[in-house]
Amino acid sequence: MTLRTATDLLEDATYPATIDDLRAAYGEVRIEHPTGEECLGDVLARTGDDEFADATAAVHAVYGAVGQDAVGRVGYSDRDPTPMGVDGHDPVSF
């Protein structure tokens, strides 16, 4: 399932909830990435939190802890130029 669909499941949980509660309920859910997949339980374990006060906190933590394969090209931005004095990425045209 997609990352968004997986985090929708977290919105249905009862809060406050411990990391163990959420991993027990949703740990086996597979999040599909463009280059693979990972378990929601593994992502929750990387959040570093012991308890979540509400669904918003849990969802934000998951978005912050998901593997870099789920977010596309690392360091890519089509909005902001590299600031002066900073070595940035070489431009790539597709």
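Excluded from the calculations below are hydrogen atoms, water molecules and symmetry mates; all remaining heavy atoms, backbone and side chain alike, are included.
- The CG atom of L40 sits 4.5 Å away from atom CD1 of I31, with the distance rounded to the nearest 0.5 Å.
- Counted by atom type alone, T5 and D8 present zero donor-acceptor pairs between their side chains at under 3.5 Å.
- Closest approach of L22 and Y15 over heavy atoms only: CD2-OH, 4.1 Å.
- When all heavy atoms of Y63 and V66 are compared, the pair lying nearest together is O-CG1, 3.6 Å.
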Checking E11 against R4 for the salt bridge (charged side-chain N to carboxylate O under 4.0 Å, His left out) test, could you report, in this order, the C-alpha distance in whole Å, the side-chain angles of both residues, the deciding distance, and whether it holds? CA-CA 11 Å; E11 294 175 3; R4 178 65 190 147; 3.8 Å; yes
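- Judged as a side chain to side chain donor-acceptor pair (under 3.5 Å), and not counting sequence neighbours, E51 has no contacts.
- Applying the side chain to side chain contact (heavy atoms under 4.5 Å, CB included) rule to D54 yields the partners T56, A57; only residues at least two apart in sequence or on another chain are considered.
- The two atoms that bring T47 and L44 nearest to each other are OG1-O, 2.7 Å, heavy atoms only.
- Distance check, rounded to the nearest 0.5 Å: CD of E37 to CZ of R30 gives 4.0 Å.
- Atom OG1 in T7 sits 11.5 Å away from atom OH in Y26 (nearest 0.5 Å).
- The two atoms that bring A17 and T14 nearest to each other are CB-O, 3.4 Å, heavy atoms only.
- With values rounded to the nearest 0.5 angstrom, F52 atom CZ is found 9.5 Å from T18 atom OG1.
- In terms of the side chain to side chain contact (heavy atoms under 4.5 Å, CB included) criterion, residue partners of R46 (sequence neighbours excluded) are, by chain and number, E38, D42, V43, A65.
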Determine whether L3 and H33 satisfy the following criterion, side-chain contact (heavy atoms from CB on, under 4.5 Å), listing intermediate values before the conclusion. CA-CA 8 Å; L3 178 59; H33 300 173; over 6 Å; no
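- In terms of heavy atoms, G27 sits closest to C39 at O-CB, 3.4 Å.
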